[in-house]
Amino acid sequence: MRIKVVLALLKKEFLNIIRDRKSFITMILLPLLMFPILIGIMSLMITMFSHVDDTIKFGVNYEVSDEFKNFVDNYSDIYKFEIVYEDDETLKEMFDEEELGIYILKEDNEYLIHYDANNTSSIANSSIVQDIYEDYKQEYVANVLENQGVNYQEILDSFKITFVQESITEMGSLVPSMISMVLTMMISSVCFSVAIEITTSEKEKGTLETLLSLPIKKSELITSKYLTVFTLSALSGFLTYISLFGTLFFAKDTLAMLGVVSLDISGKVLAIYFVSIILLALLFSGLLLSITIFSKNLKEAQNTLYPLELLVAFISMLPMFGITGSMKSALIPFANIALLFNNALSTNVDGLFVFLTFASTIVYSVVLIFVVSKIYNQEDVLFSTNSLKYLSFKKGKVSRDCLSPLASLVVGVIIYLLATYFTLLFATSSLYFLLAIMPITILFVSIFVCLLSQINIKKSIKFNGFSVKRFICLIFLFLGTYIISNTITNIIVSMFPSTLEQFSQVSDMLNVDNLWLGILLIAILPAIAEEFFFRGIVLTSFKKKYGAVIAIIASALIFGIYHMNWVQGINAFIVGLALGYIYVKTGSIYPTIIIHFINNSYGVLCEFYPSLAFEPSGYVLYILLIVSLIVVIATLYISETKFIDKKTS
């Protein structure tokens with residue numbers, strides 16, 4: 001790679017973007033002015049809502065005592081007070097005609113302070129009047145107790161309440177959350193616009209083809225584009241960074257009114273923000289370059305990135321929902337940085353959280369850089385208008401039919417780690433949400449990997465038609481296998497009673513309150529997701545390299561291990577053998593999805609209707625096992641002899 005060529009390309013891209021007036025305002029001026037404007041607006045709002053008249057006029061419907069008059073006259077050296085004495089109706093009329101901003105009605109021993117909630121002056125004045133009455137109440141009680149020989153101050157001192165801040169931001173709760181949101185959104189918005197400009201826009205104008213016709217290596221082009229997005233987004237982030245901490249230093253009075261208790265921004269905080277901006281820019285650059293290159297035009301790119309923009313906006317607002325950084329959130333990309341921006345201004349910054357956030361973000365960035373380099377080395381992506389053909393189910397030339405066995409295993413590990421991590425992260429969420437995490441993770445990761453690897457999903461996963469007669473025959477195979485697996489499970493439980501606890505945990509997961517939600521989250525979603533991955537991806541990858549028998553056994557074994565429960569794992573392994581065989585013999589994923597759905601639905605229905613559950617015991621177990629074995633063997637024989645593939649015949 002020639003550094004001079006990369007720098008020349010970087011300079012060209014950089015100047016083309018900065019010369020645009022809109023880009024200059026968005027990437028340079030807006031970051032510099034963002035926080036001064038934001039704090040200025042807050043200051044204006046605070047001033048409006050805290051304005052108090054020089055003379056506070058309020059009406060009362062009772063005759064006040066001389067002691068109260070003297071107390072009011074001497075209450076403040078700043079404000080003057082005027083008391084109007086009228087009956088209830090007159091006070092209400094004066095209030096409606098705006099002659100009074102506040103009036104007080106006494107009912108027995110209760111004083112009702114009426115004010116105009118739509119008038120900022122009335123709100124501020126009412127706060128002062130309330131303080132007068134509260135302070136007078138304290139003095140009145142003290143005088144009464146003193147006349148009875150009781151020391152009021154001594155009573156107060158005997159019971160003290162002190163608030164101690166623990167892991168609360170030095171700047172109150174709202175300001176750091178807004179800072180985190182603005183900083184994250186600023187960096188992401190620049191990345192979005194720059195990535196579209198230097199990929200989709202150039203592709204649409206034809207300048208990308210012109211560049212590649214020059215004596216430039218693809219690696220040099222990729223590097224220059226990545227550095228362009230990274231440099232501009234990081235520059236925007238650093239300008240926002242300067243604007244932020246400059247504002248924090250010079251706007252002390254306004255920040256004090258917003259709840260700031262300290263402006264001692266340490267070098268550690270500055271360093272955390274500095275590194276976080278670099279890492280966030282790296283992460284966004286890789287992600288967006290790997291997406292925008294597939295779009296044919298600007299409109300398509302904007303439509304493609306719109307959901308991602310909404311997701312980023314939601315992630316940037318996480319601190320505003322009271323979510324703070326923890327070990328659970330340190331590995332979630334983008335969210336960890338947004339939470340770190342908020343935590344960095346905390347009185348107690350967890351060093352391990354910072355380390356895990358930085359380390360995981362670096363790993364994600366390296367992976368995305370690798371992905372970008374792979375994508376940009378594909379000429380059909382850079383030139384062809386059908387660069388997205390392999391993402392659909394339409395027939396077309398694709399580079400691969402399936403993943404390698406090792407790759408499918410790696411994907412399985414990633415899926416399990418992600419699902420486990422999200423389950424721990426949202427452990428306090430509703431049961432329905434927790435049940436949806438695993439199948440959604442399986443589907444999302446599986447489809448993403450297929451698209452990234454240019455795998456024809458329809459061909460690889462086998463979304464094909466199937467023989468109904470053979471399917472009916474294979475249903476008996478599954479029923480026999482199902483009975484065998486459950487019988488073996490019951491035998492294990494009877495021999496090892498300690499395993500009953502594991503079944504209780506599984507039963508608790510099935511204990512949902514709504515039947516239809518249970519069917520959706522326990523039967524439909526897992527059936528689709530698990531069959532897509534374990535049969536569609538794993539079995540297909542092993543079959544291509546090792547043959548059908550090894551593939552069925554391997555996919556069933558992985559399916560059993562996936563349940564992470566050795567008793568349930570044996571059950572899943574046996575059922576997985578049947579599902580794998582059905583998948584291979586029918587040449588379609590639909591039968592396995594249907595059977596998987598029926599199997600899981602039965603479990604849900606048994607929770608709601610216990611009478612449906614069949615729980616044999618004693619010698620019946622062994623008789624049932626023998627009968628089921630006969631059924632399975634007979635079904636296998638019929639399947640292999642009566643339903644012979646046309647190619648074989």
Side-chain angles (χ1 to χ4, degrees), residues 6-7 9-11 13-18 23-32 34-35 179-199 222-245 269-293 301 305 308-309 311-313 315-316 318 325 330-344 354 356-373 375-376:
V6 172
L7 292 177
L9 290 171
L10 176 63
K11 181 180 178 181
E13 301 277 14
F14 193 90
L15 291 177
N16 286 342
I17 293 173
I18 292 298
S23 300
F24 180 79
I25 293 173
T26 304
M27 300 174 192
I28 307 297
L29 291 183
L30 187 59
L32 279 174
M34 173 65 70
F35 284 102
I179 289 171
S180 173
M181 180 184 72
V182 172
L183 199 51
T184 305
M185 291 297 293
M186 182 59 66
I187 295 173
S188 65
S189 64
V190 172
C191 273
F192 277 107
S193 59
V194 176
I196 291 175
E197 180 64 30
I198 67 173
T199 55
I222 296 167
T223 304
S224 66
K225 289 190 176 298
Y226 187 89
L227 288 177
T228 301
V229 180
F230 166 72
T231 303
L232 287 172
S233 57
L235 174 63
S236 180
F238 287 131
L239 291 175
T240 309
Y241 171 85
I242 294 169
S243 171
L244 162 63
F245 289 105
V269 173
L270 296 174
I272 288 174
Y273 264 71
F274 186 86
V275 176
S276 297
I277 289 170
I278 293 176
L279 294 179
L280 192 60
L282 281 171
L283 199 58
F284 271 122
S285 301
L287 177 64
L288 296 175
L289 280 177
S290 62
I291 296 175
T292 54
I293 189 61
L305 294 180
L308 183 60
E309 289 182 83
L311 178 62
V312 171
I315 290 173
S316 68
L318 287 177
L331 300 180
I332 302 178
F334 303 110
N336 52 6
I337 296 291
L339 294 173
L340 182 57
F341 282 144
N342 186 62
N343 277 26
V354 175
L356 288 176
T357 298
F358 286 170
S360 62
T361 305
I362 291 172
V363 171
Y364 297 141
S365 300
V366 171
V367 171
L368 285 172
I369 291 172
F370 174 77
V371 170
V372 170
S373 65
I375 292 173
Y376 276 71

### Task
Without swapping roles, check the side chain of Ser236 against the backbone of Leu232 for a donor-acceptor pair under 3.5 Å.
no
### Query
Within a strict 4.5 Å, meaning less than it, do heavy atoms of the Phe238 and Phe274 side chains meet?
yes
### Query
Hey, does the side chain of Tyr241 reach the backbone of Leu270 with a donor-acceptor pair shorter than 3.5 angstrom?
yes
### Query
Pick one: which of Ile187, Thr361, Ile278 meets side chain to side chain contact (heavy atoms under 4.5 Å, CB included) with Leu283?
Thr361
### Task
Might you work through the side chain to side chain contact (heavy atoms under 4.5 Å, CB included) test for Val190 and Phe284, ending with a clear yes or no?
CA-CA 10 Å; Val190 172; Phe284 271 122; over 6 Å; no
#### Entry: Test log, rule side chain to side chain contact (heavy atoms under 4.5 Å, CB included), inputs Thr184 and Ile337
CA-CA 8 Å; Thr184 305; Ile337 296 291; 5.6 Å; no
### Task
Would you check, one step at a time, whether the test side chain to side chain contact (heavy atoms under 4.5 Å, CB included) holds for Val229 with Leu288?
CA-CA 9 Å; Val229 180; Leu288 296 175; 5.8 Å; no
### Task
Quick one: closest heavy-atom pair of Leu183 and Gly237, and the distance?
CD1-O, 4.0 Å
### Message
So, using side chain to side chain contact (heavy atoms under 4.5 Å, CB included) as the criterion, who are the partners of Ser189 when residues are at least two apart?
### Response
Met186
### Task
Determine the minimum heavy-atom distance between Ser285 and Ser233, stating which atoms define it.
OG-OG, 4.0 Å
### Query
With sequence neighbours left out, what residues match Leu32 under side chain to side chain contact (heavy atoms under 4.5 Å, CB included)?
Leu239
### Message
For Leu282 versus Tyr226, what's the shortest heavy-atom pair and its separation?
### Response
O-OH, 2.9 Å
### Query
Can you name the nearest heavy-atom pair linking Ser276 to Ile272, along with the distance?
OG-O, 2.7 Å
### Message
Let me confirm one number: the CG-CG distance from Leu227 to Leu7, rounded to the nearest 0.5 Å.
### Response
8.5 Å
### Query
Which heavy atom in Ser188 sits nearest to a heavy atom in Val312, and how many Å separate them?
OG-CG1, 3.6 Å
### Query
Side chains of Ile291 and Phe192: does their closest heavy-atom pair fall under 4.5 Å?
no
### Query
Out of curiosity, Thr292 OG1 to Glu197 CD, how far, rounded to the nearest 0.5 Å?
11.0 Å
### Query
Measuring from Leu356:CG to Ile332:CD1, what's the distance to the nearest 0.5 Å?
12.5 Å
### Task
To the nearest 0.5 angstrom, please state how far the SG atom of Cys191 sits from the CG atom of Leu287.
9.0 Å
### Query
Checking Ser360 side chain against Thr357 main chain: does a donor-acceptor pair fall under 3.5 Å?
yes
### Query
Can you tell me how far the OH atom of Tyr364 sits from the CD1 atom of Ile369, to the nearest 0.5 Å?
15.0 Å
